[in-house]
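Below: one structure, written as structure tokens.
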Number of protein chains: 2
Amino acid sequence: MDVRDQLIHAALQVYSQGGSRGATTRRIAELAAVNEVTLFRHFGSKDALISAALGWLAERALALRLPEQPSNPRAELTAFCRAHHRGIYENRALIRKTMAEFEEHPEGAAVAREITAGIERELQGYLSRLRRAGRAGGRWRIGTATAMLMGTLFADAVGRDCMPERYPASADQAVAEYVELFLRAVGATPASRAISR
Amino acid sequence: MDVRDQLIHAALQVYSQGGSRGATTRRIAELAAVNEVTLFRHFGSKDALISAALGWLAERALALRLPEQPSNPRAELTAFCRAHHRGIYENRALIRKTMAEFEEHPEGAAVAREITAGIERELQGYLSRLRRAGRAGGRWRIGTATAMLMGTLFADAVGRDCMPERYPASADQAVAEYVELFLRAVGATPASRAISR
DNA sequence: TAGGCAAGCAAGTGGTTACTTGCATGCCGC
DNA sequence: GCGGCATGCAAGTAACCACTTGCTTGCCTA
């Protein structure tokens with residue numbers, strides 16, 4: 001790992017702890033085990049470094065996929081949502097910072113939006129396939145349904161360390177229960193499917 | 001409004017914009033139209049002022065209620081959730097800051113938790129009354145269901161200015177659709193109720 | 001082996017921050 | 001009318017910040 005990568009990693013970590021105001025060039029350089037001057041020689045300014053670090057994160061975001069042909073919606077959605085939830089949870093501190101700094105640095109929130117856009121697309125496609133196949137139905141709009149599921153996962157992953165008493169202790173268990181509720185909401189449960197036509 | 005209240009209001013506003021690191025005593029005093037020294041004479045330190053301001057907010061939180069006897073769940077839940085959503089939305093900047101500073105200042109997040117605890121209690125009570133009356137049912141736990149509904153509202157209210165394309169343009173309309181989906185999820189829709197036993 | 005380049009190091013600059021001190025001013029109750 | 005009390009004002013302090021400069025060191029390549 002060369003100096004540039006070390007700085008980017010250190011910047012991400014320090015930024016996660018204190019946001020862009022709390023992330024001092026001294027601490028970043030220290031954590032990267034690099035001279036502070038080297039930081040400026042590479043990136044020019046603190047803001048440029050943080051921006052590069054967030055960009056690096058956006059590039060490396062892994063694209064979760066949902067099967068083209070839904071076969072077992074409960075299992076498939078649960079696995080997908082668990083992975084997404086884990087992704088948010090692992091970066092919860094950083095995500096909170098980017099959202100808090102939305103007014104001052106909209107690019108940060110743009111990164112978050114970019115990363116989750118693929119998740120949303122995947123979910124919407126899957127849902128519409130379910131509905132087209134007659135395996136889900138009712139009077140709901142796809143965008144609203146995905147907003148509900150993704151919002152639930154987001155709030156859980158971002159809030160469960162602030163308010164642990166409010167969420168099921170096991171994240172995996174919680175996600176499974178959310179998916180169960182969600183499937184009923186969109187009429188994709190065997191029983192509810194029967195009545196939705 | 002005396003000097004103390006002016007300072008508290010100004011502190012809340014400046015804190016909403018920049019968090020505790022971005023909130024300088026100079027800007028707070030300026031906005032309160034008060035000398036900066038007066039700020040320190042009243043509160044001793046910046047942190048004490050911010051803490052007092054958040055405490056003031058927690059005290060004045062209005063307690064939303066759901067009817068003791070559910071009669072029209074869709075209408076009642078929609079009204080309740082709209083009010084809650086509006087409350088989050090109006091304070092979204094401040095809420096984002098307190099959550100971002102959770103690691104450094106857990107008291108801030110504690111205030112948010114305290115304020116929403118009443119909402120959760122109300123919702124859980126209402127849901128259990130619905131279920132006891134046989135007007136909702138299925139294999140879900142109350143805590144999970146409320147986490148889902150509140151999480152959806154939270155994510156929408158906090159995220160719709162960062163990612164406007166992801167949410168229905170009208171907040172009231174969005175909440176109505178969330179409630180509709182939620183009622184189906186907990187088996188409180190006429191049709192789905194029939195099959196839940 | 002010579003030259004260039006990346007990095008370290010020490011020191012400094014100008015700006016901002018929270019907080020303090022000392023003193024002047026005006027208002028309100030007695 | 002007078003004493004106390006809340007506030008304003010000017011100035012200062014010590015710390016921290018992003019960022020710069022000038023110089024040295026060591027490694028790789030030609």
Side-chain angles (χ1 to χ4, degrees), chain A residues 1-57 93-94 97-98 100-108, chain B residues 1-57 93-94 97-98 100-108:
Chain A
M1 206 164 62
D2 66 345
V3 175
R4 201 186 154 86
D5 285 347
Q6 283 173 355
L7 279 167
I8 284 189
H9 278 96
L12 283 177
Q13 193 170 331
V14 174
Y15 177 87
S16 298
Q17 288 165 16
S20 53
R21 268 185 236 263
T24 71
T25 53
R26 189 172 329 195
R27 286 186 59 201
I28 295 173
E30 231 166 65
L31 188 63
V34 150
N35 194 280
E36 195 180 349
V37 182
T38 304
L39 185 159
F40 288 100
R41 281 201 268 247
H42 269 272
F43 294 95
S45 76
K46 184 180 93 164
D47 282 352
L49 165 57
I50 290 179
S51 171
L54 292 178
W56 181 90
L57 207 66
L94 185 139
K97 264 72 174 186
T98 59
E101 292 176 7
F102 166 66
E103 293 93 351
E104 291 170 292
H105 299 105
E107 332 86 57
Chain B
M1 206 166 59
D2 66 347
V3 176
R4 200 185 154 85
D5 285 346
Q6 284 173 353
L7 279 168
I8 283 189
H9 279 94
L12 283 177
Q13 194 169 329
V14 175
Y15 176 88
S16 298
Q17 289 166 15
S20 53
R21 269 185 235 264
T24 72
T25 52
R26 188 173 327 194
R27 286 187 59 201
I28 295 173
E30 231 166 64
L31 188 64
V34 151
N35 195 280
E36 195 180 348
V37 182
T38 305
L39 183 159
F40 288 100
R41 283 200 268 247
H42 269 272
F43 294 94
S45 76
K46 185 180 93 166
D47 281 352
L49 165 58
I50 290 179
S51 169
L54 292 178
W56 181 91
L57 206 66
L94 186 138
K97 265 70 174 187
T98 59
E101 293 176 8
F102 167 64
E103 293 94 351
E104 291 169 293
H105 299 104
E107 332 85 57

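In what follows, chains carry the letters A, B, and so on, assigned in the order in which the sequence lines appear, proteins first and then strands, with residues in each chain numbered from 1. For the numbers below, each heavy atom of this structure counts, side chains included, while hydrogens, waters and symmetry mates do not.
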### Message
If the cut-off is 4.0 Å, is B/T38 near the phosphate of D/dT7, judged by side-chain N/O to OP1 or OP2?
### Response
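False: B/T38 side-chain N/O out of range (4.0 Å or more) of D/dT7 OP1/OP2.
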### Task
Determine: side-chain N/O of B/H42 to OP1/OP2 of D/dA6, distance under 4.0 Å, yes or no.
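Indeed not, no polar side-chain atom of B/H42 lies that close.
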#### Entry: Test log, rule side chain to side chain contact (heavy atoms under 4.5 Å, CB included), inputs A/T24 and A/V14
CA-CA 8 Å; A/T24 71; A/V14 174; 5.9 Å; no
### Task
Dot-bracket notation for DNA chain C is requested: 5' to 3', Watson-Crick or G-U wobble pairs only, both distances under 3.5 Å, with ( ), [ ], | and . as defined.
||||||||||||||||||||||||||||||
Calculate the interatomic distance between [X] atom [atom1] and [N] atom [atom2]; express it in whole Å.
X	N	atom1	atom2	value
A/E30	C/dG8	CD	P	13 Å
B/D2	D/dC5	CG	P	18 Å
B/E36	C/dA18	CD	P	7 Å
B/N35	D/dC9	CG	P	6 Å
A/R26	C/dC9	CZ	C1'	14 Å
A/D5	C/dA7	CG	P	12 Å
A/L39	C/dG8	CG	C1'	14 Å
A/R27	D/dA15	CZ	P	20 Å

Given 3.5 Å as the limit, does a donor-acceptor pair link the side chain of [X] with the main chain of [Y], or not?
X	Y	result
A/Q6	A/V34	no
B/H9	B/D5	yes
B/E101	B/S20	yes

Which part of the nucleic acid does [X] contact within heavy-atom distance under 4.0 Å: base, sugar-phosphate only, or nothing?
X	value
B/V37	base
B/V34	sugar-phosphate
B/A23	sugar-phosphate

### Task
Please tell me which of A/G44 and B/R4 maps to the more 5' nucleotide of DNA chain D, matching each residue to the nucleotide holding its nearest heavy atom.
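Taking each residue's closest nucleotide, the earlier one in sequence belongs to B/R4.
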### Message
Between B/Y15 and B/T98, does the side chain to side chain contact (heavy atoms under 4.5 Å, CB included) criterion hold? Intermediate values first, please.
### Response
CA-CA 9 Å; B/Y15 176 88; B/T98 59; 3.4 Å; yes
### Query
From the list D/dT21, D/dT7, C/dA18, which nucleotide is the closest neighbour of the side chain of B/R41?
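Selected nucleotide (nearest to the side chain): D/dT7.
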### Task
Would you indicate which nucleotide in C/dG8, C/dT17, D/dT21 comes nearest to any side-chain atom of B/T24?
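It is C/dT17.
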### Query
So does B/E36 pair up with B/K46, basic N to acidic O under 4.0 Å?
no
### Non-neighbouring partners of B/S16 that pass side-chain contact (heavy atoms from CB on, under 4.5 Å), sequence neighbours left out
B/A93, B/L94
